Amino acid sequence: MIRYVLPVLLFAGTLPAHAQAPAKEAPLIERAKLFGNPSKSGGKLSPDGKWLSWIAPRDGVLNVWVAPAGDLAQARPLTEEKLRPLRGSFWSPDSTTVLFIQDKGGDENFLLYGVNVASGKQTNYTPFEKTRVRIVQISSKVKDRILVGINNRDARWHDVYSLDLASGKLTLVQQNDGYGGYVADELLNLRIASKARADGGFTYFRMTDGKVDSAPLAEVGLEDSQTTSPLAFTADGKTLYWTDSRGRNTSALLAQDVASGKTAVVAQDPHADIADALYDTRTGRVQAYTVNYLQQEYLPLTDDLKADLAFLKKNTKGQFNVTSRTDADDKWLVGVDTVTAPPSSWLYERKSKKLTQLYVTRPELEGAPLVPMYPQEIKARDGLTLVSYLSLPQASKAGAGGKATQAVPMVLLVHGGPWARDTYGYNSYHQWLANRGYAVLSVNYRGSTGFGKQFISAGDLQWGRKMHDDLLDAVQWAVKSGVTTADKVAIMGGSYGGYATLAGMAFTPTTFACGVDIVGPSNLFTLLQTIPPYWEAGKQQFYKRMGDPTTEEGRALLKERSPLNFAQNIQRPLLIGQGANDPRVNVAESDQIVAAMAAKNIPVTYVLFPDEGHGFARPVNNIAFNAVTENFLGQCLAGRAEPMGATLKASTAQVKHGAEFAPGLQEAMR
């Protein structure tokens, strides 16, 4: 799947005096405060509860830090990355080692590393070239090893290895000759194997002693392929939990008795898929589940967590999320998101019902003029409901429920995937754009996940057509609701959102005032030709949902839906950002549409980052592109902008074309 998450990284600087906002407007929030390194993020309790780890800057680069759980004053860095930030970590089951994955320059060849907490020794557990590691299983019952998938033998398939964490020894458990993935139990026995079907679905097989059964355990067709999969076994291995949409629209949480094969519905919701749950840390029995339609909510299934979830709901402001639990289940880490304040992390001690704030992710934003986010249900022209999220600037003079009383320019911010979704919560891009004077609308167009299989399937073969119509319908809703005016709407997004931007510019050339494409594909045929080899198991699903390049009909559809072939129709200003090492959306996707536009003397600005991949992870690069973007939007929509200053010089940005079409860009590159 082509998925892009807009990164939140580092820039340090101060706002020039001449850029201060007029007195009647909200103060201009510096880009550095919105997109700079978080002070702390990604907190994790060690399984034994003795340690707390998190991600924080070390010499300006995000690294792993650790401290005794009861004394954060003794914090110390564990890693020493000098260039590319670490964006996550997790604990070994024996609580001795913090593990993380890291690639080079955005190539997504992720290798697995570990740092021993006591000695500080760092180990590369998978020292291979052109290899992407997967975590197959980490168990709370087996403390000294984990299962990993490694594709260094055949780039298409991940062989399963047992990794001894102390010695670093890898022992082959299962050679993979064509299976998309495996599910293991708590004793690290492989129990389920999945194989891609010709129709884009998957067949699941039982496994015993490393052998795959010949008879299928479950057949899942294309329609259910994104909404049905095994989740986890109970500790005794007797029950297998599924998220399962077969025979229904939205995914239900199912429990299957392994011996008999019988299933029972544990929970379901008519509006949203159930794909996440809280499991008993000792038995693996499901205790609660989450539903995320407009907002996320925890719903208890047993009495043991009922009081805890009720306590957290009552005593946290906003939306909470349980992010980490100890093996003894006596301590939880809980993330709290109020939208109008930076997210924070809290320690919850269950026995005493004590809640203690550990850190605020971005304390520099405390007291900043952050705006609310308003969930909206927008009707598409054919009656589908598009769950969307609206943020409004101060100038909108928003009333109850986000009702705008003053129309302002708007940015349609389109999520990637497309098999992903936008959610409610603090969003740095919403806050940034709203602060610059724009309404911001994020739309879960058809094909987005989380709302049932019918909603996903409604997007099949609809790239640039009904999926794009949903975006147009949402814009019309915003115009009719008084949020904006039809002539003051920009479109912006990454990955599929970048494709949507190019489609908007090329297919509906007078709808949007301008567009910002970040790592978006311009040619669907060449996109499918260059997908990474380790996506082999999902290739048929791409073909069935996008268009099949192996058939004449499919090639015709892909050609028709590719903005590259209609580049001559583009009339409005376009800004493109691309990472040179992107393995998902090859750099040629941006190169070729820029070349096509340049050949027709159509203005376009193209910024390339030679040390980035699918999005901009390095702080200086992310900030630099956002600096170009907000000044570009400022010219297009007459919003506010912080001057670029020295941000471009501090980055690796290469302006490959059209610097003269973006205000201030030529000067910033000198």
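Just so it is clear, the model here is predicted, and its values are computed rather than measured.
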By salt bridge (charged side-chain N to carboxylate O under 4.0 Å, His left out), which residues pair with [X], not counting sequence neighbours?
X: Asp177; value: Arg153
X: Glu536; value: Lys539
X: Lys141; value: none

Of all residues at least two apart in sequence or in a different chain, which pass the side chain to side chain donor-acceptor pair (under 3.5 Å) check with [X]?
X: Gln122; result: none
X: Gln462; result: none
X: Thr550; result: Asp548

Quick one: pull up [atom1] in [X] and [atom2] in [Y] and give me the separation to the nearest 0.5 Å.
X: Leu564; Y: Leu502; atom1: CG; atom2: CG; result: 9.5 Å
X: Gln256; Y: Thr239; atom1: CD; atom2: OG1; result: 9.5 Å
X: Ile55; Y: Ser89; atom1: CD1; atom2: OG; result: 4.0 Å
X: Thr449; Y: Ile456; atom1: OG1; atom2: CD1; result: 6.0 Å
X: Thr96; Y: Asp94; atom1: OG1; atom2: CG; result: 3.5 Å

Could you walk me through whether Ser245 and Asp224 pass side chain to side chain donor-acceptor pair (under 3.5 Å), step by step?
CA-CA 6 Å; Ser245 63; Asp224 295 290; 2.6 Å; yes
Polar side-chain atom of [X] near backbone of [Y] as donor-acceptor pair, under 3.5 Å:
X: Ser53; Y: Val66; value: no
X: Thr228; Y: Asp244; value: no
X: Ser590; Y: Val587; value: no
X: Gln578; Y: Gly613; value: no
X: Lys466; Y: Ala458; value: no
X: Asp159; Y: Asn176; value: yes

Strictly by modelled atom types, are [X] and [Y] linked by a side-chain donor-acceptor pair under 3.5 Å?
X: Ser41; Y: Trp54; value: no
X: Tyr499; Y: Asp517; value: no
X: Gln137; Y: Glu186; value: yes
X: Arg545; Y: Ser225; value: yes
X: Asn321; Y: Thr323; value: no
X: Asn581; Y: Asp611; value: no

Sub-6.0 Å ring centroid separation between [X] and [Y]:
X: Tyr113; Y: Tyr125; answer: no
X: Phe90; Y: Phe100; answer: no
X: Tyr241; Y: Tyr279; answer: yes

Of Thr79, Val115, Leu99, the one forming a side chain to side chain contact (heavy atoms under 4.5 Å, CB included) with Val64 is Thr79
Salt bridge or not for [X] and [Y], using N-O below 4.0 Å?
X: Asp154; Y: Arg156; result: yes
X: Glu81; Y: Arg58; result: no
X: Arg246; Y: Glu223; result: no
X: Arg618; Y: Glu612; result: no
X: Asp164; Y: Arg145; result: no

Within-4.5 Å side-chain heavy-atom neighbours: Val620 and Thr652:
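No. Closest side-chain heavy atoms not under 4.5 Å.
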With [X], which residues qualify under side chain to side chain contact (heavy atoms under 4.5 Å, CB included), at least two apart?
X: Leu557; answer: Leu461, Arg561
X: Asp422; answer: Tyr389, His415, Ser442, Asn444
X: Pro230; answer: Val183, Ile192, Tyr204, Leu240, Trp242

Please work out whether the ring planes of Tyr496 and Trp463 are parallel, tilted or perpendicular, with thresholds of 30° and 60°.
perpendicular
Check whether more than 12 heavy atoms from other residues, nucleotides or ligands sit under 6.0 Å from atom [atom1] of [X], and answer yes or no.
X: Lys143; atom1: NZ; value: yes
X: Lys544; atom1: NZ; value: yes
X: Lys559; atom1: NZ; value: no

Stepwise side chain to side chain contact (heavy atoms under 4.5 Å, CB included) check, Ile138 with Ile135
CA-CA 8 Å; Ile138 297 177; Ile135 304 300; 3.8 Å; yes
Could I get the full list of ring-ring contact (aromatic ring centres under 6.0 Å, His included) partners for Tyr534, not counting sequence neighbours?
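Tyr534: no ring-ring contact (aromatic ring centres under 6.0 Å, His included) contacts found.
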Can you name the ring-ring contact (aromatic ring centres under 6.0 Å, His included) partners of Phe205, sequence neighbours left out?
none
Pairs where residues 152-192 contributes a residue and the test ring-ring contact (aromatic ring centres under 6.0 Å, His included) is met, not counting sequence neighbours
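Those involving residues 152-192 do not exist here.
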